[in-house]
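Down below is the structure, laid out as structure tokens.
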Amino acid sequence: MYNHTYKELITKLQVSQEDVDFFANMPFARPYIDNTSLYQPVPFVSRHDKGDLSDKFFNKAINSHDTIPRALAFMQRPGSLHSPPTDENGIDLSQGAENPFFITFCQIESGVNGYIDTAHGGVLAALFDETLGLCAESYRVFVSEEGGHLLTASLQVSYRSPVRTPSAVIIKTWMRRKEGRKWFLEAQLLDQDGLLKAEAKSLYIGLKSAL
Ligand SMILES: CCCCCCCCCC(=O)SCCNC(=O)CCNC(=O)[C@H](O)C(C)(C)COP(=O)(O)OP(=O)(O)OC[C@H]1O[C@@H](n2cnc3c(N)ncnc32)[C@H](O)[C@@H]1OP(=O)(O)O
């Protein structure tokens, strides 16, 4: 999977100041970038070239001026999240659409179009999968402190309204519940005006042994 652990990568890689400055000009992103925010910018690990053949889809194929030139990730500041409150079904009550655990902002250009001026649904599914995967990995590392990599077992996307290009979007992701090796997560993709564009539900499964 990687020659480094996710914890090493998210701790050591740098957040691009250019990406922060780019999204800081957008009103819908500013509350997350503000110093008083409950969120902190974290490296979008899969956008970084690690000198090997991992993450090529995100750090090369869709990392160009006419595809997805900018992507910026945020995570809830760790601290109050250990042993988060759960209900009788194991649902994490500390997270949801109003208080997602992991967020990404993406600038989407016409190089990922399907129809004219419209982002391809497969690319939106990939953005969901990656952000949900990073959410699950970050939760695993910083909250539940468990070992073992997670793989996508299923991803269900509901497309509510076309995503126009070029445009900037926010993808909010959160942990729903955990059952043994099975991690259930949810997500929303919204435009700059806060309109819901797509929703997703995913299942990640912790590997029994290393890849
Ligand atoms: C590190 C930073 C990067 C983070 C971002 C990453 C995001 C992108 C991640 C990916 O895109 S990964 C690539 C796409 N995914 C794959 O290639 C996974 C291919 N599938 C597999 O390798 C295996 O099917 C898998 C590891 C997911 C599960 O195999 P296991 O042998 O470990 O599972 P097992 O068959 O023992 O099932 C365990 C439980 O999960 C359930 N399950 C397994 N697959 C399922 C499925 N597809 N849908 C629903 N349930 C499923 C299964 O029923 C069972 O439930 P119960 O415990 O309740 O009985």
Side-chain angles (χ1 to χ4, degrees), residues 1-16 19 39-63 67-68 70-76 78 86 89-91 95 100-106 108 112 120-158 169-189 198-211:
M1 186 169 283
Y2 286 134
N3 294 324
H4 309 277
T5 66
Y6 180 67
K7 189 169 192 175
E8 284 168 351
L9 292 170
I10 198 171
T11 307
K12 287 182 184 161
L13 293 172
Q14 298 292 311
V15 176
S16 157
D19 288 343
Y39 293 84
Q40 62 184 30
V42 290
F44 197 132
V45 163
S46 19
R47 295 278 283 189
H48 292 256
D49 186 343
K50 296 153 203 89
D52 58 22
L53 289 178
S54 65
D55 286 329
K56 286 296 153 199
F57 183 57
F58 267 84
N59 70 34
K60 190 172 177 195
I62 57 166
N63 187 356
T67 55
I68 303 190
R70 303 272 175 204
L72 180 64
F74 290 84
M75 186 182 76
Q76 273 188 22
T86 53
N89 298 313
I91 292 175
Q95 303 180 43
F101 180 66
F102 197 97
I103 294 164
T104 61
F105 291 95
C106 296
I108 305 180
V112 298
H120 194 287
V123 171
L124 301 181
L127 290 175
F128 269 131
D129 190 17
E130 202 64 22
T131 308
L132 284 158
L134 293 170
C135 179
E137 282 290 327
S138 301
Y139 193 91
R140 180 179 71 76
V141 164
F142 293 105
V143 181
S144 72
E145 296 177 349
E146 292 180 39
H149 288 289
L150 303 171
L151 253 68
T152 317
S154 79
L155 175 68
Q156 179 193 332
V157 181
S158 297
V169 299
I170 179 172
I171 300 158
K172 302 179 176 181
T173 62
W174 59 95
M175 272 287 295
R176 189 69 175 147
R177 71 181 198 282
K178 188 173 169 307
E179 289 173 18
R181 291 194 294 128
K182 299 198 288 188
W183 300 56
F184 297 87
L185 287 91
E186 294 178 1
Q188 289 184 344
L189 187 152
E199 297 174 278
K201 292 184 178 184
S202 64
L203 166 62
Y204 292 83
I205 295 185
L207 291 181
K208 286 178 268 196
S209 54
L211 276 179

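We count ligands from 1, going down the list as the structure has it; atoms in each ligand are counted the same way. In this chain, numbering begins with 1 at the start of the sequence shown.
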Only heavy atoms of [X], strictly under 4.0 Å: list the atoms of ligand 1 that pass.
X    : answer
K208 : 31 (O), 32 (O), 36 (O)
L203 : 48 (N), 49 (C), 50 (N), 51 (C)
R181 : 32 (O), 33 (O), 34 (P), 36 (O), 38 (C)
L207 : 26 (C)

Output the distance between atom [atom1] ([X]) and atom [atom2] ([Y]), rounded to the nearest 0.5 Å.
X    : Y    : atom1 : atom2 : result
H149 : T5   : NE2   : OG1   : 7.5 Å
M175 : W183 : CE    : CH2   : 5.5 Å
C106 : I68  : SG    : CD1   : 5.5 Å

For the student: nearest non-hydrogen atoms of A125 and L155, plus distance:
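Nearest heavy atoms, A125 then L155: O-CD2, 3.5 Å.
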Ligand 1 versus H149: contacting region, heavy-atom distance under 4.0 Å
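None of H149 does.
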Sole residue of Y139, W174, F74, F142 in ring-ring contact (aromatic ring centres under 6.0 Å, His included) with F101
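Exactly one candidate clears the test, Y139.
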So, regarding [X] and ligand 1 (criterion: nitrogen or oxygen to nitrogen or oxygen, under 3.5 Å), is there a contact or not?
X    : answer
K182 : yes
Y6   : no
E137 : no
G133 : no

Run through N63, N59, T104 and flag the one making a side chain to side chain donor-acceptor pair (under 3.5 Å) with R47.
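Output: one option passes, namely N63.
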Closest candidate by heavy atom, reference atom 5 (C) of ligand 1, pool E179, E130, R140:
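Going through E179, E130, R140 one by one, E130 has the nearest heavy atom to atom 5 (C) of ligand 1.
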If we only consider heavy atoms of D129, is any one of them less than 4.0 Å away from an atom in ligand 1?
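In this structure, D129 qualifies as a contact of ligand 1 - some heavy atom is under 4.0 Å.
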Steps toward side-chain contact (heavy atoms from CB on, under 4.5 Å) verdict (K201, R176):
CA-CA 9 Å; K201 292 184 178 184; R176 189 69 175 147; over 6 Å; no
Applying salt bridge (Lys or Arg N to Asp or Glu O under 4.0 Å), name anything that partners D129, two or more places apart in sequence or on another chain.
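Testing D129 for salt bridge (Lys or Arg N to Asp or Glu O under 4.0 Å), a comparison that skips the adjacent residues, returns none.
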